[in-house]
Amino acid sequence: MKILQDLSLEELTNLVQQLGEKKFRAKQIYENLYLGKTLSEMTNVPKTLKESLKKDFIDEPIKIIETLKDDEGTQKFLYALHDGNIIEGVLMKYKYGNTLCVSTQVGCRMGCKFCASSLNGLVRNLTAGEILGQVLCVNKLLGGTAKKREITNLVLMGSGEPLDNFLNITKFLKLVTSEDGINFSARNISLSTCGIVPNIKKLSKLGLPIILTISLHAPNDEIRKKTMPIANKYSIKQIIDASKTYFNATGRRVIFEYALIDGVNNTEKCAEELASVVRGFPTHVNLIPLNEVKERGLKTVTRKNAEKFCEHLKRLGVSASIRRTIGENIEGACGQLRNKVLSNQNKA
Ligand code: SAH
């Protein structure tokens, strides 16, 4: 079975015409899809056409099954996929709008030591339509439409490693920025990667001005190898070279994520080393006090330590800030909520 949300308007038009229907039907279905409707819910589409599509396409590939809210307006969603897999996402409210964090894989195979997403390894890649489906579900929930979006920014920072699912991500970016659909500006989309160097270079070639965010989390390869297995494959130097290529291709400064972990990467010397790594081209360092994941046993830092680290970076000429830790009390860190559900399922 296939997923309609994977199709561009052109692909859907070809399909509808192959089924002997008029071209405008494709546009009708497409508009409905981008309102977050299932085939069954499309009242203006002939029943015969819906029935022939249902033979090959899943009617509801993704749906929200649970919503958790905290006091600041952050919402966490659990989505069920058609094959029974579960993924999650977070909606954050900022002064300038609503940012939705989407997942790109079920699980993850990168094995970062602090992250909950890879506790159970990679289950499977999400298709472009399943990633888009998260956006459409939440936009619908917020009362938005394709023309009047309720989501302003997208971050590919949920479960999964986007650059380990390159083809689907590329297709997703095309669909989500298309004027035929929900028409996001690429400038309002961020992609976060643990640093798969060849695919950062490939991403540069797409010519899309999306924001590249690199999960660095260490000032040198030795420390990085302790928490991120990908560091055995690509060095920080290779990552910085690829980031410069990205900046030169897109004109967008590169953001480095740095989760502060007590006793691992939070000393003054680490700040100095980090400064020498990220200086020299337009960058920003986002410091995140580690969101403790029970199963991982790593410890977070005090607010004071985070502030000191940040000030030190700034003194050394680095643009840096401490990211608001969002949704901690609703299991906001990647993969935490899904894992809670999975372990409850195992206990049941
Ligand atoms: N695989 C991608 C995107 C997913 S994670 C990546 O590695 O960038 C989004 C961000 O959250 C990454 O920077 C990741 O390293 C970070 N992260 C994961 N678990 C965390 C935790 N427990 N505390 C703080 N940051 C975490």
Side-chain angles (χ1 to χ4, degrees), residues 76 87-90 92 99-122 125-126 131 134 154-166 168-169 172 189-197 199-200 203 210-218 223-224 226-231 233-234 236 239 242-243 246 254-262 264-266 274 278 284-301 306 309 321-340:
K76 183 115 192 184
I87 52 168
E88 60 188 76
V90 187
M92 292 155 286
T99 297
L100 181 68
C101 173
V102 295
S103 289
T104 54
Q105 295 179 315
V106 182
C108 182
R109 59 174 180 150
M110 296 298 126
C112 300
K113 294 280 190 292
F114 42 78
C115 181
S117 294
S118 45
L119 279 169
N120 297 304
L122 176 69
N125 281 331
L126 294 181
I131 305 170
Q134 298 166 50
L154 289 178
V155 293
L156 280 64
M157 282 193 193
S159 295
E161 167 49 50
L163 295 188
D164 190 34
N165 185 13
F166 195 80
N168 286 315
I169 292 300
F172 163 73
I189 303 177
S190 303
L191 180 149
S192 181
T193 175
C194 63
I196 300 183
V197 168
N199 288 351
I200 296 176
L203 192 69
I210 62 174
I211 300 170
L212 176 67
T213 302
I214 309 254
S215 301
L216 202 61
H217 304 321
I223 297 181
R224 201 161 190 261
K226 287 188 191 160
T227 56
M228 301 183 73
I230 193 76
K233 202 154 181 193
Y234 306 109
I236 291 183
I239 291 178
S243 301
Y246 191 84
V254 176
I255 314 282
F256 292 100
E257 302 272 285
Y258 195 97
L260 287 160
I261 312 172
D262 195 35
V264 176
N265 64 0
N266 63 334
L274 178 63
V278 302
H284 180 80
V285 174
N286 244 334
L287 297 167
I288 319 147
L290 180 78
N291 211 331
E292 287 181 5
V293 175
K294 198 172 73 249
E295 298 87 334
R296 294 303 199 181
L298 293 166
K299 293 278 167 244
T300 191
V301 297
F309 197 95
S321 55
I322 304 175
R323 197 170 73 184
R324 195 152 67 97
T325 48
I326 289 173
E328 269 170 304
N329 47 352
I330 53 170
E331 310 287 350
C334 306
Q336 271 184 296
L337 188 61
R338 171 172 172 265
N339 280 323
K340 204 174 189 176

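Note that ligands are numbered from 1 as they come in the structure, with each ligand's atoms numbered from 1 the same way.
When each atom of ligand 1 is checked for a heavy atom of Cys115 under 4.0 Å away, the hits are 18 (C), 19 (N). Residue Met157 approaches ligand 1 through these ligand atoms, each under 4.0 Å from one of its heavy atoms: 4 (C), 5 (S), 9 (C). Here is the list of ligand 1 atoms found below 4.0 Å of a heavy atom in Leu290: 21 (C), 22 (N), 23 (N). Per-residue contacts place Cys194 under 4.0 angstrom from the following atoms of ligand 1 (heavy atoms of the residue considered): 6 (C), 7 (O), 8 (O). Of all atoms in ligand 1, numbered sequentially from 1 with element shown, those under 4.0 Å from a heavy atom of Gly160 are 1 (N), 2 (C), 3 (C), 4 (C). Residue contact check: His217 has heavy atoms under 4.0 Å from atoms 13 (O), 14 (C), 15 (O) of ligand 1. Close contacts between ligand 1 and Val293 involve ligand atoms 22 (N) [criterion: under 4.0 Å to a heavy atom]. Atoms of ligand 1 found under 4.0 Å from any heavy atom of Glu257, numbered from 1 in the order shown, are 13 (O).
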For side-chain contact (heavy atoms from CB on, under 4.5 Å), just list the numbers for Thr193 and Asn199, CA-CA rounded to whole Å, side-chain angles, deciding distance to a tenth of an Å, and then say yes or no.
CA-CA 10 Å; Thr193 175; Asn199 288 351; over 6 Å; no
Under the criterion side-chain contact (heavy atoms from CB on, under 4.5 Å), I'd like the reasoning laid out for Leu212 against Leu191: C-alpha separation, chi angles, the key distance, then a yes or no.
CA-CA 5 Å; Leu212 176 67; Leu191 180 149; 4.3 Å; yes
Passes side-chain contact (heavy atoms from CB on, under 4.5 Å), Arg224 versus Ile239? Steps please.
CA-CA 12 Å; Arg224 201 161 190 261; Ile239 291 178; 3.4 Å; yes
If you apply the rule side-chain contact (heavy atoms from CB on, under 4.5 Å), what do you find for Ile200 with Ile214, and how did you get there?
CA-CA 10 Å; Ile200 296 176; Ile214 309 254; 3.7 Å; yes
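Side chains of Ser159 and Gln105: a donor-acceptor N/O pair is absent below 3.5 angstrom, by distance only.
For the pair Thr227 (side chain) and Lys113 (backbone), a donor-acceptor distance under 3.5 Å is absent. A donor-acceptor pair under 3.5 Å is formed between the side chain of Arg296 and the backbone N or O of Cys115. For the pair Asn168 (side chain) and Leu126 (backbone), a donor-acceptor distance under 3.5 Å is present. Using a distance-only test at 3.5 Å, with no hydrogens or angles considered, no donor-acceptor pair links the side chain of Glu257 to the main chain of Thr213.
If you look at Thr193 next to ligand 1, the close heavy atoms, those under 4.0 Å, all belong to the backbone. Counting heavy atoms closer than 4.0 Å to ligand 1, residue Glu161 contributes atoms from both its backbone and its side chain. At a 4.0 Å heavy-atom cut-off, ligand 1 touches Asn291 through backbone and side chain alike.
Compare Ser215, Ser117, Cys101 by their heavy atoms: the one nearest to atom 7 (O) of ligand 1 is in Ser215.
The closest approach between Gly158 and ligand 1 falls below 4.0 Å for a heavy atom of the residue.
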